[in-house]
Structures are given as C-alpha cells and as structure tokens.
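The structure appears below as structure tokens.
For reference, positions follow the sequence shown, starting with 1. All values below were derived from every heavy atom in this structure, side-chain atoms included, with hydrogens, water molecules and symmetry-related copies excluded. Because the structure is a prediction, the values reported are computed rather than measured.
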Amino acid sequence: IDKDEWAKQIAFLGLGFPCLAGIVLFISFDASTNGASGYSFEVLYKEMGLQQLGITFHLGLNGVSSPLFAMAGIVGFAAGLAAIGSGAERIKLYLALLCFMQSGLMGLFASVDLFFYYLFHEFALIPTFIMIGIWGGRDRRSVALELTIYLTLGALISLGGLVALNVMVDAEKFDFPSLSKALLETGLLESTEVKIFGLLLLGLGILVALFPFHTWAARGYQAAPTSVSMLHAGVLKKFGLYGLVQIAVPLLPAGAAEWSPWLMWLALGNVLFVGLVTIAQNNLKSMVGYGSVMHMGYCFLGVATISSLGAGSAVMLMVAHGLSVSLMFLLSTFIYRRSGTFEMNDMGGLAGKTPVLACFFVAASLATIGLPGFGNFWGEFGVFLSLGQNPDHHLFLALAALGIIISAIFGLRAVSRIFFGSPSESFALRIGKNPIRDLELGEILPAGLILAALLFIGLWPRGISDRINTEIGPRYERVDYV
C-alpha cells in the first residue's frame, strides 16, 4: 500500500470515529442524567495552567449541542468520503487539514468553557483559509484573503464580547454554568447588557454571514473545494448562531430585547435580498452558496423573537440546514464531474442518464425549499409560529413567508434546467462523445448518509425537538419574562 492509500485509510478512521461517536452519544443522551452543570458525558481537566483565569478544559453535551454534535460528525464523515474519492493533488496534506478542521468542529459543540469554544472555532477556521488558497477554484487567492479579513474581524469582535462578559461578571469559571449562576445572583446593568450583546451580535453575525456582512460567503463557497464548502457552510457557520442561542440571549436578555428589532430587519435582508440574488444565479455552486446564506435568515429570525419556541426552532433548522446544504454542495460536485460545468444553462436532460443522481438532487432541493418530510420544514415552521405568537411580528412573518416562494423558484428551476431541460448543442455533443455514468457506490454512501439524517428529522422531529425543548425551556424563562 502506498503512502496515499495509507493517508486515505487513516482519514477514513479519523473522520469515521467522530461520526460514530456523534451518533452513539446522540442516541445515548438522556437529559435526566445530566450532571450538576447541566451537561452529560462530561470531560473536565482543571489543571491546564489557566485555572487562575477561570479557564478549564471542560467538554460535555446538552440538549442543544447534542444534535449539532451529531450533525457535525455526519457531515464531516461525508465530506471525508468525498475528499478521499476526489483525486485531489497532495492528498495527504488535504486529508490532514480536513481532519484538523473536523477536530475543531467537534470540539466547538462539545465545549462548555467559552475560551475553548472560541479556540476550537479557530482550529477549524485556519485550515479553511489554507485549503481554499491551495485547492480552491477561480480567484482562490483573493477569495481566501477576503475570507481571512472578514472572518478574522468577526472572530476578534466576538472575542471582545466574550472577554467583556467575563470581565463584567464575577464568575468562578469562564464557562456557561458559572456565568449563568453569577448573572442570576448579581445581574448586569441594562446598558451594559446592550453593549455586550451588540458586540456579540456584530462579531457572530459576520461569521454567520448576516446581511449586509454576507458577501464573503457565496464567493468563498464557490471557490472552495467541495469538502471545505460542506464543512464550512454546513457546520462551521453554525458557530455564531450557536453562540447566540447558548450564550448571548439567555445570559443577556435585556440586551437581546433591545437589539431584536434590528436583528429582524437584517434577517429579512438575508431572506429577501439574498434570496432574490440567488434567483439570478446561473452557476449551480454559486446558487447553492447564496441559498445557504438566504436560509440563515430564518435562523436569525428565530433567535430575534427572543422566545423559547423561536430559539428551539432555530436550533432545529441549524441542524437540518447543515445537512441539506452540505448535501447540495456534494451533489453539485457530482453533477460537475459528469457535465464538466457548473453553468446550469449549459446542461439539460441528465435525468435520463443519471436517474439516481436526479433523485438525490430533487430530494435535496425539496428539503432546501422546506417540504414536509424533511427536517428543514419543522425548523422553518417553528420559526413562523414563533413570529406569529407576537402581534408586533406579524409583518415580519408575512415578509419572511415570501422566502418560501423564492426558495421554490430557484430550487425547482435548477432541477428543471439540469435534469429535465433540453441540453444545449455543445453539451449534447460533449455527452455524446463521453458517455455519462450514474452515481457509483462511493458517491451514493456520503449522499445517502446525509439524506437519511434529513429524513430522520423530517419523519420523527421529536427525536431532536424534545431534548432541545428540555434544555431551552428552563434557560429561556428569564428571557421570556423580559
């Protein structure tokens, strides 16, 4: 066995184990057995040399992080399978960076200590820049530089918010349980909460591509290798929303209430403005990238309702969106391998030659639109319900509902152009000379794994909603009161 084959086998194990661990811990999770800190499966090392600063290496899962942890494992394994079969140059370095990135993603959702929550995010972010710069597509160097500027700025601003929170709250440790306990005992001035929440919202919003700080995302995903697009759009971009749901809103409810109207209008910018930009795309990968940014708007709307229903629905949509967008990027690459282009106007009639690929793409598109039976439906439905609970939010509900029409337009149009339209003359000539094969087993496995997870959530939403509600309900009692 040559060195490349050894690297592929090690990467298979290195990415397969987190997937298996995520699924096993998800199935085994029982909120009633949580420890005193409110987390299960805890790992705690106090003597890290930073204990005087209140920083400890503390890992664990709760009702919110458990489904996201499992989703990260599933998407990471699927991305790894895609990378192993990609035939990329310098494959050993490629797979090593991908494993390094995955370790950061799994640690991010397992971190209880906020310092390591931030640190694991940086572990996952650094390989992103390197991989786009080396294996990216057109304009990869300039795109990598743009991403570095945007995401470093967002990370520094969010770090400033976390540090400010730690300085203003006299907590025993820099983790969520300690900060929550200290805030309940002492509290913060409302003006202080507003300032710190504003810092966190700005920093985390940049990292999640909140309008108008969204321009880096679609360009980055278009230039990035497939596995990087899957992991960043599907998993890493949930860092900011996860921080808002787990940290910012429950710890700073007065600040969240003050910023809520602003966040709602910006979230509508994602849904409507970016949605219309998505409709205008002819490049398949670009369309998927902009569509991903658009649907982040629904998650922000759920957070902006400042309610337990909205936050729980946002978490559910984060999990489903992570699966559906990673599947769309994966299938887009499978289409490119067969057609030689991402331009949808140059394709057509592929359904007759690749029926299995067509079925997967139609399912992924319907999941993205929010069709019942897929996980995305329950997340978006819950967000709409949370908006409908407050009469002041009915206008936002009506405008947000237009996003369903926008999603249907670009999703179904892509299906029509690629699989059921008439092929252009050049494309017909190309596929005539080079016969197209349907999906092979090595391609069906990662796509089927993600699709199965989407259907699991869609057909049995209580599989994740019960644990989310158990965690969110008590934590958001103070928020609902505000």
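- Scanning for ring-ring contact (aromatic ring centres under 6.0 Å, His included) contacts around Phe420 gives an empty result, with sequence neighbours left out.
- The backbone N or O of Ala233 sits less than 3.5 Å from a side-chain atom of Lys238, completing a donor-acceptor pair.
- The side-chain heavy atoms of Ile335 and Phe419, taken from C-beta on, include a pair separated by under 4.5 Å.
- In this structure, the side chains of Met294 and Asn270 stay at 4.5 Å or more apart for every pair of heavy atoms.
- In this view, Phe213 satisfies the ring-ring contact (aromatic ring centres under 6.0 Å, His included) rule with no residue, not counting sequence neighbours.
- No side-chain heavy atom of Asn390 sits under 4.5 Å from any side-chain heavy atom of Thr305.
- At a cut-off of 3.5 Å, with distance as the only test, no side-chain donor of Thr341 or Ser339 sits close to an acceptor on the other residue.
- Not one N or O on the side chain of Ser416 forms a donor-acceptor pair closer than 3.5 Å with the backbone of Leu412.
- Counted within 6.0 Å of CZ on Arg337, heavy atoms from surrounding residues, nucleotides or ligands total more than 12; the atom is thus considered enclosed.
- When atom types are taken as modelled, the side chain of Ser65 and the backbone of Leu61 share no donor-acceptor pair closer than 3.5 angstrom.
- Counting only N and O atoms by type, the side chains of Thr333 and Lys285 include no donor and acceptor under 3.5 Å apart.
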>> As a quick check of understanding, evaluate ring-ring contact (aromatic ring centres under 6.0 Å, His included) for Phe109 and Phe120, giving each step before the final call.
In response: CA-CA 9 Å; Phe109 293 119; Phe120 276 120; over 10 Å; no
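- Evaluation of the side chain to side chain donor-acceptor pair (under 3.5 Å) test over residues 361-385, restricted to residues two or more places apart or in two chains, returns Ser324-Asn376.
- Rounding to the nearest 0.5 Å places CG of Leu445 at 11.5 Å from CD of Glu440.
- Under the 3.5 Å distance criterion, the side-chain polar atoms of Ser158 are matched with a main-chain donor or acceptor of Gly154.
- A donor-acceptor pair is defined here as one N or O able to donate and one able to accept, closer than 3.5 Å; such a pair exists between the side chain of Tyr118 and the backbone of Ala155.
- The two atoms that bring Ala110 and Phe69 nearest to each other are CB-CE1, 4.0 Å, heavy atoms only.
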Which donor-acceptor pairs under 3.5 Å do the side chains of residues 126-133 make with protein atoms, sequence neighbours left out?
unit_1 : atom_1 : unit_2 : atom_2 : d
Thr128 : OG1    : Ala124 : O      : 3.1
Thr128 : OG1    : Leu125 : O      : 3.4

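- Counting only distance, with no hydrogens or angles, the side chain of Ser66 and the backbone of Gly63 share no donor-acceptor pair below 3.5 Å.
- Side-chain atoms of Ser111 come within 3.5 Å of backbone atoms of Gly107 as a donor-acceptor pair (strictly under, hydrogens ignored).
- Thr226 and Tyr336 form no side-chain donor-acceptor contact under 3.5 Å, judged by distance and modelled atom types alone.
- Proximity of a side-chain donor or acceptor of Tyr150 to a complementary backbone N or O of Leu145 within less than 3.5 Å is not detected.
- A donor-acceptor pair shorter than 3.5 Å can be found between the side chains of Ser407 and His295.
- Take Phe26 and apply the ring-ring contact (aromatic ring centres under 6.0 Å, His included) test, not counting sequence neighbours, and it matches no residue.
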>> Does Tyr221 form a side-chain contact (heavy atoms from CB on, under 4.5 Å) with Val325? I'd like the steps, not just the answer.
In response: CA-CA 11 Å; Tyr221 300 147; Val325 73; over 6 Å; no
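- The two residues Ala408 and Ile369 make their nearest non-hydrogen contact at CA-CD1, 3.8 Å.
- Contact annotation: the side chain of Met296 approaches that of Leu241 to within less than 4.5 Å [non-hydrogen atoms, C-beta and beyond].
- Although no hydrogens or angles enter the test, the distance criterion places no donor-acceptor pair under 3.5 Å between the side chain of Glu193 and the main chain of Glu258.
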>> Quick one, Ile149 with Trp216, criterion side-chain contact (heavy atoms from CB on, under 4.5 Å). Give me CA distance, side-chain angles, the key distance, then yes/no.
In response: CA-CA 10 Å; Ile149 294 172; Trp216 61 267; over 6 Å; no
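- Between Val277 and Val293, every side-chain heavy-atom pair lies at or beyond the 4.5 Å cut-off.
- Separation of the Phe410 and Tyr290 ring centroids does not fall under the 6.0 Å cut-off.
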>> Could you walk me through whether Phe77 and Gln102 satisfy the side-chain contact (heavy atoms from CB on, under 4.5 Å) test, starting with their C-alpha distance in whole Å, then the side-chain angles of each, then the deciding distance to 0.1 Å, before giving a yes or no?
In response: CA-CA 9 Å; Phe77 186 50; Gln102 179 68 1; over 6 Å; no
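- With no hydrogens or angles considered, a side-chain donor-acceptor pair links Arg417 and Asn282 at under 3.5 Å.
- With sequence neighbours excluded, no residue forms a ring-ring contact (aromatic ring centres under 6.0 Å, His included) with Phe334.
- The pair Arg338-Glu443 counts as a salt bridge, with a side-chain nitrogen and a carboxylate oxygen less than 4.0 angstrom apart.
- Ring pair Phe273/His214 is perpendicular by interplanar angle, where above 60° counts as perpendicular and below 30° as parallel.
- With contacts defined as side-chain heavy-atom distances shorter than 4.5 Å, the pair Met316/Pro67 does not qualify.
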>> Leu323 vs Val75, test: side-chain contact (heavy atoms from CB on, under 4.5 Å). Steps then yes/no.
In response: CA-CA 7 Å; Leu323 295 167; Val75 173; 4.0 Å; yes
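- At least one side-chain heavy atom of Ile404 sits less than 4.5 Å from a side-chain heavy atom of Phe384.
- Residues Phe211 and Trp265 keep their aromatic ring centres 6.0 Å or farther apart.
- For the pair Ser103 (side chain) and Phe100 (backbone), a donor-acceptor distance under 3.5 Å is present.
- Leu202 has its side chain out of reach of Leu210: every pair of non-hydrogen atoms, C-beta onward, lies at least 4.5 Å apart.
- The minimum heavy-atom distance between Ala400 and Leu268, with the atom names listed, is N-CD2, 3.9 Å.
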